[in-house]
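See structure below.
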Protein chains: 2
Amino acid sequence: MSLTADAADQPTLYKRIRADIEKRILTGEWPPGHRIPFEHELVARYGCSRMTVNKALSELAQADLIERRRRAGSFVRRPQHQSAVLKIADIRAEITALGRAYGYELIGRKLRAATAADRDRLGVKKAGKVVAITCRHSADNVPFAVEDRLIDLASVPHAATADFSREPPGSWLLHHVPWTEAEHTISAIVADDRTAEALDIAVGAPCLVIDRYTWRSARTITAVRLLYPGDSHRLVARFKGG
Amino acid sequence: MSLTADAADQPTLYKRIRADIEKRILTGEWPPGHRIPFEHELVARYGCSRMTVNKALSELAQADLIERRRRAGSFVRRPQHQSAVLKIADIRAEITALGRAYGYELIGRKLRAATAADRDRLGVKKAGKVVAITCRHSADNVPFAVEDRLIDLASVPHAATADFSREPPGSWLLHHVPWTEAEHTISAIVADDRTAEALDIAVGAPCLVIDRYTWRSARTITAVRLLYPGDSHRLVARFKGG
DNA sequence: TACGATTATATGTCTAGACATATAAGTCAA
DNA sequence: TTGACTTATATGTCTAGACATATAATCGTA
């Protein structure tokens, strides 16, 4: 065995190599543009095979921390802090995670042929049936968010008969539609009469708006608008360098 | 050779395996909980070594599309669509990308000993000097966002002498501080007098607020608050399943 | 000087093995 | 039925090679 490791190496070797390099990048010891040691140098330094250091470097490349260029070497990338991971939790999960009591209330549910506005909102061209749902989520009996959702029955026929009086449509979809892609748009509005009443806030108070459009392999599933009281709700997006 | 491949396989084998599996997950053919074929089965199917299928599966696991469990196998994960990638672009880049003329205006700059409020905002305990900057970004001469920033001089001493009358502090920092981590908080407020004037909107109009807190290896770099007119600005977060 | 051909080299992918290890599943006893 | 023990097995990590390929550097030539 040519393992030069210290007695107790908790993580595996390739993870240690990965962590070593990541630390030097994150502390600024190796600034953007700096060339990482060549694979064969790392092989010598750690006394392992090339596949092992290659795995470490490949993962760093996949995480966008470094850039690998044939013949030239591997280089620390310039941070693109325009992208951050935004946590948009399932509302029930979010509220219970805060240790508060989750409440749900169905305000309205309609099954109808898609109107022009519906089709526009879902981004579909063909006419078809949709379910329109309005409901409210609360935390400790205080209104937390109101939800206005459209489900395309052509994509999710089962939703026609689902009982949304108990289960929020978001949770129902999460359990009945396998895997989706989504796009979120975040904006701010002031509460109109209807919103103010639903959220129990003053007319003209700020609201955070999340519009989510969900599809699976080019098929629309659902479009939803969530309204939060803007001064009490916050979205947190964390960027971690890797 | 038992390669079931079509004649021309452009990508490498492990990428094809990865793409094959990803497609089945994204189309719903393999729903959450479904067991992916064992490595030795994929080895037989693709006629390659285990390391090759292992690389494909490892990448899918790193992307959270599947979960690997020793002795049990690999399984399609339940989509956690609470996480999405939020693009928070450098404002100048964002505006020029829209094909509009970028404008920048320094409103105020102060170098001072950190007040209690400053220390609280930066999350530091020790007293020290800070630079406080207020500025405005515009697109086609229309106010786009106002920025209120604090830079910790203990971490970025160079910022004391930087010229922020031409270059926005965000761009300056991006080029002078190597690699950082950040946390963003998004909320909504209504414009007060000062904000309304700076953004040229009505008092009481909705504003989108982004608070960004940036650090490098436990050292605070900067804290910034960006205010956007809420009805004209939208943040887009896209979730891609992998 | 500029441009085209050649060469050296770092990464990209892959193999056919190996041993480690967590754990699902089966076995047996209390 | 329950708990403790054993076993089988799928993944996790690693090796010592191999050939492919893009490209930076060098060299030669117009």
Side-chain angles (χ1 to χ4, degrees), chain A residues 1-22 25 30 32-77, chain B residues 1-22 25 30 32-77:
Chain A
M1 289 300 119
S2 64
L3 275 190
T4 64
D6 312 336
D9 43 355
Q10 206 128 6
T12 56
L13 181 51
Y14 94 86
K15 280 182 182 162
R16 223 185 70 215
I17 299 172
R18 185 191 194 287
D20 281 359
I21 295 169
E22 189 168 332
I25 294 173
W30 288 349
H34 177 92
R35 211 203 73 230
I36 305 286
F38 294 130
E39 291 189 351
H40 66 84
E41 293 176 296
L42 292 169
V43 161
R45 165 133 62 200
Y46 289 95
C48 61
S49 83
R50 192 165 78 87
M51 276 301 282
T52 302
V53 307
N54 183 283
K55 180 160 185 173
L57 293 178
S58 292
E59 287 194 4
L60 288 169
Q62 211 188 328
D64 272 343
L65 264 170
I66 67 171
E67 185 189 348
R68 314 200 71 196
R69 291 207 301 272
R70 271 185 149 113
R71 166 70 211 246
S74 301
F75 301 84
V76 178
R77 288 194 57 149
Chain B
M1 286 299 123
S2 65
L3 272 191
T4 64
D6 312 337
D9 43 355
Q10 205 128 6
T12 57
L13 182 51
Y14 94 86
K15 280 183 182 162
R16 223 186 70 214
I17 299 173
R18 186 191 194 286
D20 281 358
I21 296 170
E22 189 168 333
I25 294 173
W30 287 348
H34 176 92
R35 212 204 73 231
I36 305 284
F38 294 130
E39 290 190 351
H40 66 83
E41 294 176 294
L42 291 169
V43 161
R45 166 135 61 198
Y46 288 95
C48 62
S49 81
R50 193 164 77 88
M51 277 300 281
T52 301
V53 307
N54 184 283
K55 180 159 185 175
L57 294 178
S58 294
E59 287 194 4
L60 288 169
Q62 211 188 328
D64 272 343
L65 265 169
I66 67 172
E67 184 189 349
R68 313 200 72 196
R69 291 207 300 272
R70 271 183 147 113
R71 165 70 208 246
S74 302
F75 301 84
V76 178
R77 288 195 56 152

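Owing to the predicted nature of the structure, the values given are computational and were not obtained by experimental measurement. Residue numbers start from 1 in every chain, and the chains themselves are labelled A, B, ... in the order their sequence lines are given, proteins ahead of strands.
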Residues passing the ring pair (Phe, Tyr, Trp, His ring centres under 6.0 Å) test with B:Phe38, sequence neighbours excluded, are B:His40

Non-neighbouring partners of A:Arg71 that pass salt bridge (Lys or Arg N to Asp or Glu O under 4.0 Å), sequence neighbours left out: none

With A:Asp64 via salt bridge (Lys or Arg N to Asp or Glu O under 4.0 Å) - residues at least two apart: A:Arg77

Heavy-atom nearest pair, B:Val43 first then B:Cys48, reads CG1-O, 2.9 Å

Nearest heavy-atom neighbours spanning A:Phe75 and A:Ile36: N-CG1, 4.4 Å

Between B:Ser58 and B:Tyr14, is any pair of side-chain heavy atoms under 4.5 Å apart? no

Mapping A:Tyr14 and B:Leu57 to their closest nucleotides on DNA chain D, which lands nearer the 5' end? B:Leu57

Let's see if you get this right: which residues in residues 34-44 of chain A place a heavy atom under 4.0 Å from DNA chain C? A:Phe38, A:Glu39, A:His40

Between [X] ([atom1]) and [N] ([atom2]), how many Å, whole number?
X	N	atom1	atom2	value
A:Arg16	D:dC14	CZ	C1'	14 Å
A:Tyr46	D:dA16	OH	P	18 Å
A:Met51	C:dA16	CE	C1'	12 Å
B:Glu67	D:dT11	CD	P	13 Å
A:Ile66	C:dA10	CD1	C1'	13 Å
A:Asn54	D:dT15	CG	P	12 Å

Report the nucleotide, chosen from C:dT15, D:dT13, D:dG12, that has the shortest atom-to-atom distance to any side-chain atom of A:Thr12. D:dT13

Using a cut-off of 4.0 Å on non-hydrogen atoms, how would the nucleic acid contact of A:Ser74 be classed: base, sugar-phosphate, or nothing? sugar-phosphate

Could you give me the CA-CA distance, side-chain angles and deciding distance for A:Arg45 and A:Glu41, then say whether salt bridge (Lys or Arg N to Asp or Glu O under 4.0 Å) is met? CA-CA 6 Å; A:Arg45 165 133 62 200; A:Glu41 293 176 296; over 6 Å; no

I'd like a list of close polar pairs between nucleotides 24-28 of chain C and the protein, N/O only, cut-off under 3.5 Å.
{"residue": "C:dA24", "atom": "N3", "partner": "B:Arg71", "partner atom": "NH1", "Å": "2.9"}

Counterpart residues, side chain to side chain donor-acceptor pair (under 3.5 Å), relative to B:Thr52 (two or more places apart): none

